[in-house]
Amino acid sequence: MPSAVSMDKIVALCKRRGFIFQSSEIYGGLNGFWDYGPLGVELKRNVKEAWWRDMITNHDEFSTPPGAPSAFSMVGLDCSLIMHPQVWKCSGHYDLFHDMMSDCRETKRRFRFDQIRGRWVHVEKDARGIHRYFIMTDADTPEAGLEDTVVKACKFFDVRRKDAEAALTWQSPGLVGITPKDNLAHVVTPGATQPGTMTEPREFNLMFKTTIGALGGAEDAAFLRPETAQGMFVNFKNVLDTQRVRVPFGIAQMGKSFRNEITPRNFTFRSREFEQMEMEFFCHPDQSRAWYQYWRDRRYQWYLSHGLGSDRLRLRDHAADELSHYSVGTADVEYAFPFCEPGEFGELEGVAHRGDFDLRSHMEGKLVRDASGCLAVETGADGKPRHPGSGKDLVYFDDQSRERYVPHVIEPAAGADRATLAFLCESYHEDAQPDEKGALQPRVVLKLHPRLSPIKVAVLPLVKKDGMPELGLELYRNFKRAGIPSYFDQQAAIGKRYRRQDEIGTPWCITVDGQSLQDQTVTLRDRDSLEQVRMPVNRVIDEIAARLRG
RNA sequence: GCGGGCGUAGCUCAAUGGUAGAGCCCCAGCCUUCCAAGCUGGCCGUGAGGGUUCGAUUCCCUUCGCCCGCUCCA
């Protein structure tokens, strides 16, 4: 396990060998945006290609995979980045992504305004002449918060705990929030020694805003999608009407999404422009639990089978209070990135059971939970839907069972850039290998799964003479013709060339030596074991192809 | 967005208010028969902008980026 591998070394390798560059680097870079270099683009394409093939191209809709409740169909989609603004209003992103944030000028802490909790308290003897204060708490639970407000108030007003009851008159039995109408001059933030240290709440736009049309004004505002999912929901009926698929089936899509992350950090992990690999799986409500289990387990296995170590990868079920407003169950596939604290993990993929939230939203309008916990259309002051839906009928009719229902949705949503980064981190190894004199020399090697390696095989003439380059070049061209990404290198000593390939994760090197010219054999070297086997040159392409098939 | 730290060659690191150096890497050539050999030569830099100064990589301001903490994370 690469326990002590630092992120710095991985970032340096990515730059040095052309995997990942900072966006617009010659202009000083742009925070939260990244470019994939010549090797990085191949690696990321291989990650996406593996996902697409496993989800769509290689899927057999006539057989039932192990663990699946039944056979099912899979189709792909590629939607526009910019969609009708109403899509984001109904999906809930428009409201959710406009967070109001407020900072404490004294303690330098930042709070989401709608998440502020505390209690109003009245004090009779007050030097400032305010008498009414809002004591904020940062405790995790309402019970702890109640106790915390008392402790914080005693400290703030310099009151002994036994005198608290007499000196402090609480205005509410439980914790409450504040609104922009409340006087912020009376608010005491956690740890502050003065009241009124809070800034006015400011809006954070987490969706990228753009304008449609060259002369577009405010009413032509649109958004770059913050997720690819909505394109699949709004095309649900199109797919159903044109593809002869029936529930259960899935729609998959890969593509760029955009979020104005407040703090882009940790290399490409939290980028503002990123690529998703998402799937929306539509199934009967009665079977949705079983399908959720199936996808949750299958997606976890996918990462394991592509080389992420089980000791750094985990499948974590969300706690009930952690679930999104629409979700009835969510599990994250998480990886212990080098930048994570011990015991901490970073999310690679979220597998969510979304119920009928999405299809209903696009029929009826934006949904919220009502007092009884049921999803209902959110209404404005006028009693009309706050964000009206399309009004189109997205109810599914099963002509076998004569049943009508809104399908439930299981959504495995993966980050292509995060997966790529995880594979890079996992595969990065530093070891020591003997040089020609037997002395141990440090080696950097990316032990990538061959399916993901940018270059599958390098052809290396042992020395640059006696016909070895010619024979090697011919073999190299044959690899190209066979569709196997390959590389030809006759520069520098053979050991150095092996190391170059190790560093970019090339699983195999083929060396043309003096014996090759005599008997038409070459040696095949394995990146991880360094073992070499000799085989006829006319068999080596089949051998590599077979190893790639696994 | 706030606070702290940091920006010198592709990488690692020197140096200086007065022509910016080294090692590695890379490229060319010689040599070289299996794991970063050697020799010769070559390419390449003070993040950006402004100010002070006769002169700024060095001092000051702004900006961009990176790291840590806070915050955020559908």
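By convention in this document, chain letters (A, B, ...) are assigned in the order of the sequence lines, proteins followed by strands, and residues within each chain are numbered from 1.
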What is the base-pairing partner of [N], counting Watson-Crick and G-U wobble geometry with both distances under 3.5 Å?
| N | result |
| --- | --- |
| C43(B) | none |
| A37(B) | none |
| C54(B) | G18(B) |
| C6(B) | G65(B) |
| C70(B) | G1(B) |

Taking atom [atom1] in both [N] and [M], what distance in whole Å separates the two?
| N | M | atom1 | result |
| --- | --- | --- | --- |
| G3(B) | A9(B) | P | 28 Å |
| G7(B) | U62(B) | C1' | 16 Å |
| G49(B) | C30(B) | C1' | 48 Å |
| U63(B) | G4(B) | P | 14 Å |
| A36(B) | G29(B) | P | 22 Å |
| U71(B) | G10(B) | C1' | 35 Å |
| C54(B) | U46(B) | P | 25 Å |
| C31(B) | G38(B) | C1' | 8 Å |

### Query
Quick one: are the ring centres of Phe267(A) and Phe269(A) less than 6.0 Å apart?
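Between Phe269(A) and Phe267(A), which both carry aromatic rings, the centre distance is not below 6.0 Å.
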4.5 Å side-chain heavy-atom contact, [X] and [Y]:
| X | Y | value |
| --- | --- | --- |
| Arg316(A) | Glu347(A) | no |
| Tyr487(A) | Leu460(A) | no |
| Pro450(A) | Trp508(A) | yes |
| Met136(A) | Ile178(A) | no |

### Task
Return the value, rounded to whole Å, for the distance between atom CZ of Arg265(A) and atom P of G1(B).
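Taking CZ of Arg265(A) and P of G1(B), I get 13 Å after rounding.
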### Query
Can you check the Asp8(A) CG to U12(B) P distance for me, whole Å?
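So the two atoms are 9 Å apart, to the nearest Å.
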Taking only N/O atoms, report every protein-nucleotides 4-11 of chain B pair under 3.5 Å with atom names and distance.
none

Hey, is [X] close enough to [Y] for a salt bridge, meaning N to O under 4.0 Å?
| X | Y | answer |
| --- | --- | --- |
| Glu543(A) | Arg547(A) | yes |
| Arg117(A) | Asp148(A) | no |
| Asp513(A) | Arg534(A) | yes |

### Message
Test your reading of the model: is there a side-chain donor-acceptor pair from Tyr498(A) to the backbone of Leu530(A), 3.5 Å cut-off?
### Response
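Not at all, since once roles are kept as given, no pair shorter than 3.5 Å links the two residues.
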### Task
Encode nucleotides 30-38 of chain B as B, S and - characters from 5' to 3', where the letter depends on protein heavy atoms closer than 4.0 Å: B to the base, S only to sugar-phosphate, - to neither.
--BBBBBS-
#### Entry: Identified side chain to side chain contact (heavy atoms under 4.5 Å, CB included) partner of Arg527(A) from the options Thr506(A), Val445(A), Leu446(A)
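Among Thr506(A), Val445(A), Leu446(A), the one that satisfies the side chain to side chain contact (heavy atoms under 4.5 Å, CB included) with Arg527(A) is Val445(A).
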#### Entry: Phosphate OP1/OP2 of C66(B): any Asn31(A) side-chain N/O under 4.0 Å
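Yes, Asn31(A) has a side-chain N/O under 4.0 Å of OP1/OP2 on C66(B).
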### Message
Taking the nucleotide of RNA chain B with the nearest heavy atom to each, does Glu347(A) or Leu30(A) sit closer to the 5' end?
### Response
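By nearest-heavy-atom nucleotide position, the 5'-most residue is Leu30(A).
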### Query
What is the nucleic acid contact for Gln491(A), judged by heavy atoms within less than 4.0 Å: base, sugar-phosphate only, or nothing?
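The answer is sugar-phosphate, as Gln491(A) gets under 4.0 Å only of primed atoms, P, OP1 or OP2.
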